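Computed from a predicted structure; not experimentally measured.
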Amino acid sequence: MKDLNSYLPLVVLWAKKHHDLIQEQGAELNEEGMEMARSVGVAEPERIRIMLVDEIPFQEDPVVYSLAKSVGMLSGQVTGITFGHSIYIVKGCQSARLYSHEFRHVHQYEVLGSIGSFMDVYLEQVMTFGYHQASLEKDARQFETGL
């Protein structure tokens with residue numbers, strides 16, 4: 001596995017591309033969704049857009065795919081992913097638990113300030129501790145609702 005500095009720019013580019021796509025084509029939250037987002041700390045829920053997809057598009061970039069595989073993100077348990085205020089949700093997996101988890105990641109992006117800053121912290125955590133033990137993932141799981 002390469003070091004973080006070799007992965008980071010490529011992952012940030014990939015994330016920004018998907019952020020922009022979701023912002024252009026994704027759906028706005030309804031009032032219930034905005035209230036759930038506020039309840040987990042999101043400051044600007046009106047900026048959130050969600051796009052339903054058949055699968056998270058890890059495979060479109062070989063570097064992202066390799067990284068996701070190496071840290072345990074391809075186990076079938078990743079049914080949503082967040083890029084700033086943009087969220088992919090896998091069709092058929094929609095639930096209050098998943099939405100609240102992803103909304104908490106939106107909050108984390110807001111606190112960290114940018115996609116690049118979030119990915120810097122997130123990648124270091126998943127590369128060091130694995131996907132399930134990363135602090136940002138643990139934090140998001142603590143805010144899951146509707147269990």
Side-chain angles (χ1 to χ4, degrees), residues 4 7-127 130-147:
L4 174 62
Y7 276 116
L8 185 60
L10 299 169
V11 173
V12 169
L13 280 174
W14 177 79
K16 285 181 177 179
K17 172 187 160 188
H18 288 283
H19 167 273
D20 293 348
L21 176 69
I22 297 166
Q23 285 295 307
E24 291 172 15
Q25 298 178 13
E28 296 179 8
L29 296 181
N30 60 22
E31 193 54 46
E32 182 182 359
M34 283 201 267
E35 183 54 39
M36 179 187 286
R38 283 186 206 100
S39 77
V40 301
V42 174
E44 297 180 289
E46 67 279 357
R47 293 181 56 201
I48 295 174
R49 299 293 180 271
I50 296 176
M51 183 180 287
L52 298 180
V53 292
D54 292 325
E55 61 184 11
I56 305 299
F58 292 123
Q59 73 287 352
E60 79 172 30
D61 184 290
V63 171
V64 171
Y65 180 83
S66 173
L67 178 61
K69 184 176 182 179
S70 73
V71 299
M73 294 180 77
L74 300 182
S75 63
Q77 295 177 344
V78 177
T79 54
I81 193 167
T82 300
F83 310 109
H85 288 86
S86 300
I87 303 171
Y88 279 133
I89 300 287
V90 174
K91 293 175 186 172
C93 296
Q94 302 97 307
S95 68
R97 182 205 61 77
L98 180 56
Y99 280 104
S100 58
H101 180 101
E102 297 306 325
F103 293 159
R104 184 62 180 179
H105 284 310
V106 171
H107 165 76
Q108 294 165 349
Y109 274 97
E110 289 177 336
V111 169
L112 291 168
S114 70
I115 290 174
S117 295
F118 176 90
M119 287 299 174
D120 187 31
V121 173
Y122 188 82
L123 289 178
E124 183 175 359
Q125 289 180 6
V126 297
M127 290 174 76
Y131 170 66
H132 294 289
Q133 295 304 313
S135 295
L136 290 170
E137 284 300 331
K138 288 179 172 183
D139 175 73
R141 285 195 300 271
Q142 290 179 339
F143 283 85
E144 292 176 358
T145 60
L147 298 175

**Message:** Donor-acceptor check, side chain of E102 to backbone of Y88, threshold 3.5 angstrom: yes or no?
**Reply:**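 No; judged by distance alone, with no hydrogens or angles, the pair does not exist.
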
**Item:** Side chain Y109, main chain T82, donor-acceptor under 3.5 Å
**Value:** yes

Distance from [X] atom [atom1] to [Y] atom [atom2], nearest 0.5 Å?
X: C93; Y: L52; atom1: SG; atom2: CG; value: 10.0 Å
X: E124; Y: L8; atom1: CD; atom2: CG; value: 10.5 Å
X: L10; Y: L123; atom1: CG; atom2: CG; value: 10.5 Å
X: T79; Y: L98; atom1: OG1; atom2: CG; value: 4.0 Å
X: I22; Y: I87; atom1: CD1; atom2: CD1; value: 8.0 Å
X: L29; Y: H85; atom1: CG; atom2: NE2; value: 10.0 Å

Below 4.5 Å, heavy atoms only, C-beta onward: do [X] and [Y] meet side chain to side chain?
X: Y7; Y: M119; answer: no
X: M127; Y: L67; answer: yes
X: V78; Y: F58; answer: yes

Throw together a table of side-chain donor-acceptor distances under 3.5 angstrom for residues 39-48, partners on residues two or more places apart or in other chains.
from, atom 1, to, atom 2, distance (Å)
S39, OG, M36, O, 2.6
E44, OE1, R47, NH1, 3.0

**Request:** Considering only NZ, NE, NH1 and NH2 on the basic side and carboxylate oxygens on the acidic side, decide whether R38 and E35 come within less than 4.0 Å.
**Result:**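 Looking at E35 together with R38, the answer is yes, because their closest N to O distance falls below 4.0 Å.
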
Taking all non-hydrogen atoms of both residues into account, name the closest pair between [X] and [Y] and its distance.
X: G26; Y: M51; value: N-CE, 4.0 Å
X: Y131; Y: V126; value: CA-CG1, 3.9 Å
X: G33; Y: F103; value: O-CE1, 3.5 Å
X: G72; Y: H132; value: O-NE2, 4.5 Å

Would you please name every residue forming a side-chain hydrogen bond (donor to acceptor under 3.5 Å, both in side chains) with [X], sequence neighbours left out?
X: Q94; answer: none
X: Y122; answer: E137
X: S117; answer: S114
X: D139; answer: R104, Q108

**Request:** Taking side-chain contact (heavy atoms from CB on, under 4.5 Å) as the test, write out the residues that go with K69, two or more places apart.
**Result:**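 Y65, L74.
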
**Request:** For a side-chain contact (heavy atoms from CB on, under 4.5 Å) with V64, tell me which candidate from I56, V11, L13 qualifies.
**Result:** V11

**Message:** Applying the side-chain contact (heavy atoms from CB on, under 4.5 Å) criterion to R49, which one of Q25, H19, Q23, E24 satisfies it?
**Reply:** Q23

**Request:** Run the numbers on F83 and W14 for side-chain contact (heavy atoms from CB on, under 4.5 Å), then give the verdict.
**Result:** CA-CA 10 Å; F83 310 109; W14 177 79; 3.5 Å; yes

